[in-house]
There are 2 protein chains.
Amino acid sequence: MLKLTKKTDYALMAINYMAYRKEGFLANTRNISETYHIPLEQLAKILQTLSKNGIIVSHNGPKGGYTLGVDPEQFTLGEVIRAIEGPIQMIRCIEGESSCSQTEQCTIRTPLIKIEQQLVDFLDNITIDTICNENEAIDQKKAIRGLSNISP
Amino acid sequence: MLKLTKKTDYALMAINYMAYRKEGFLANTRNISETYHIPLEQLAKILQTLSKNGIIVSHNGPKGGYTLGVDPEQFTLGEVIRAIEGPIQMIRCIEGESSCSQTEQCTIRTPLIKIEQQLVDFLDNITIDTICNENEAIDQKKAIRGLSNISP
DNA sequence: TTATCGCCGATTAATTTAGTCGGACATAAT
DNA sequence: ATTATGTCCGACTAAATTAATCGGCGATAA
């Protein structure tokens, strides 16, 4: 029901983990897995997929790990979803050209395709920094909390 | 992956079938089922659900059937989805209050909830007539085709 | 009073998503 | 060189969701 899969959730968490890190920082699967309580093997696969799609960059060997391969302000939620879940389709009747048996009578298809396209556009306009910048907000909150702990 | 369920597809087809009919027209489950090749029992349930939600109105007994209970220009795709699939949630971490184990570390939740809300707003702004008016467009097309068949 | 319709709960089947297992290859440190 | 630590990859099982079916009840126009 229009829900993102857990895989996508995990992918976003991992991306979030890597975003806005110092130059040279490498995130490895275990760290991310433990931080967010994500099953290691599953996360590993997700990172591999992201890597294959160029969203993150892998560095092999010990002391290896992953780096974000894209600019958080340049690439979008839509791209992450497509990388993990495949093409976004609200409607099922296009998949694999095998037109469904109701095609003939079905007059709702065309308008729904338009709506689907609007949804894709919507997701392709949400850059990752709008999701990951929250970190800074939290850091700020912590800083404020720190201050208020001191002041009284 | 952000896909509508078949149930919702069926619901939209059924609504489409009922929209813009003459006063007094009753659509029965069998007709709709045969027209769109939708399994009868399944469609029956969907129509019952729609009826329970006031989207369509049931008329019991022989010669009975359903009528659209709302104005296609007043009610929206979002409402149909909610009636059939329950509340729209892109994100899973809210469902039933049972906060997931990564809540503590998860900084992407808040921004995603905002995005989800935007999605809901989007769906709540698509009125059913934008989906069902296609009928008229097709009628028009047929009319034009008819004309061009005559003219040469 | 009966045939035709909607109404309802429970069950099964199919599909999709989530998570696991086992083993390969790469490479920095010893 | 050998080893420990990392990525990489395919096949598999388990769980959850979605789709479809079954059997029986209640309403009502003919």
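None of these values were measured; they are calculated from a predicted model. By convention in this document, chain letters (A, B, ...) are assigned in the order of the sequence lines, proteins followed by strands, and residues within each chain are numbered from 1. Note that these values count all heavy atoms, side chains included, but never hydrogens, waters or copies made by symmetry.
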Check: Is any side-chain N or O of A:S51 closer than 4.0 Å to OP1 or OP2 of D:dT7?
Finding: no
Would you list the atom pairs, donor with acceptor, under 3.5 Å between side chains in residues 59-73 of chain A and any protein atom, with sequence neighbours excluded?
unit_1	atom_1	unit_2	atom_2	d
A:H59	NE2	A:T67	OG1	3.1
A:D71	OD1	A:E73	N	2.9

Margin query: Is it the case that the side chain of B:T127 and the backbone of B:T76 share a donor-acceptor pair, with hydrogens and angles ignored and the cut-off at 3.5 Å?
Written below: no
Item checked: Rounded distance in Å - CG (A:L2) to P (D:dT17) -> 15 Å
Could you list all N or O pairs between the protein and nucleotides 3-5 of chain C that sit under 3.5 Å apart?
unit_1	atom_1	unit_2	atom_2	d
C:dT4	O2	B:P62	N	3.4

Notebook entry, point to check: Nearest heavy-atom pair of A:K3 and B:R92: which atoms, and what distance?
Noted result: CD-NH1, 3.9 Å
Next item on the list: Take atom NE2 of A:H37 and atom P of C:dG19, then tell me their distance rounded to the nearest Å.
Entry: 14 Å
Item checked: Euclidean distance, atom CG of residue A:L40 to atom P of D:dC8 [Å, nearest integer] -> 13 Å
Notebook entry, point to check: Looking at B:I115 and A:F122, what are the two nearest heavy atoms and their distance?
Noted result: O-CZ, 3.8 Å
Checklist line | For A:T8, side-chain contact (heavy atoms from CB on, under 4.5 Å) partners two or more places apart | finding: A:L4, A:T5, A:L12, A:I81, A:I84, A:E85
Next item on the list: For residues A:P39 and A:S33, report the shortest heavy-atom separation together with the two atoms involved.
Entry: C-OG, 4.3 Å
Next item on the list: Could you check how far CD of A:Q42 sits from C1' of D:dA15, rounded to whole Å?
Entry: 12 Å
Checklist line | A:K3 NZ to D:dT17 P, straight-line distance once rounded to whole Å | finding: 7 Å
Could you pull out the protein-nucleic contacts involving nucleotides 9-12 of chain D (nitrogen or oxygen on both sides, under 3.5 Å)?
unit_1	atom_1	unit_2	atom_2	d
D:dG10	N7	A:K45	NZ	3.0
D:dG10	O6	A:K45	NZ	3.3
D:dA11	N6	A:K45	NZ	2.8

Notebook entry, point to check: Where is the tightest heavy-atom contact between B:I131 and A:L112, given as atom of each residue plus distance?
Noted result: CD1-CD2, 4.0 Å
Notebook entry, point to check: Rounded to the nearest Å, what distance is computed from the CZ atom of residue A:F25 to the P atom of nucleotide D:dG6?
Noted result: 12 Å
Notebook entry, point to check: Quick one: A:L47 CG to D:dC8 P, roughly how many Å, whole number?
Noted result: 9 Å
Item checked: B:L4 CG - C:dT15 P separation (whole Å) -> 19 Å
Return a table of donor-acceptor pairs under 3.5 angstrom between the side chains of residues 22-30 of chain B and protein atoms on other chains or two or more places apart.
unit_1	atom_1	unit_2	atom_2	d
B:N28	OD1	B:R30	N	3.1
B:N28	OD1	B:N31	N	2.9

Notebook entry, point to check: Think B:Y10 has a side-chain N or O under 4.0 angstrom from the OP1 or OP2 of D:dA19?
Noted result: no
Only distances under 3.5 Å count here; give the side-chain donor-acceptor pairs of residues 40-58 of chain A to other protein atoms, sequence neighbours excluded, each with its distance to 0.1 Å.
unit_1	atom_1	unit_2	atom_2	d
A:Q48	NE2	A:A44	O	3.4
A:T49	OG1	A:K45	O	3.0

Item checked: Proximal nucleotide (of D:dC8, D:dA19, C:dA18) relative to the B:R92 side chain -> C:dA18
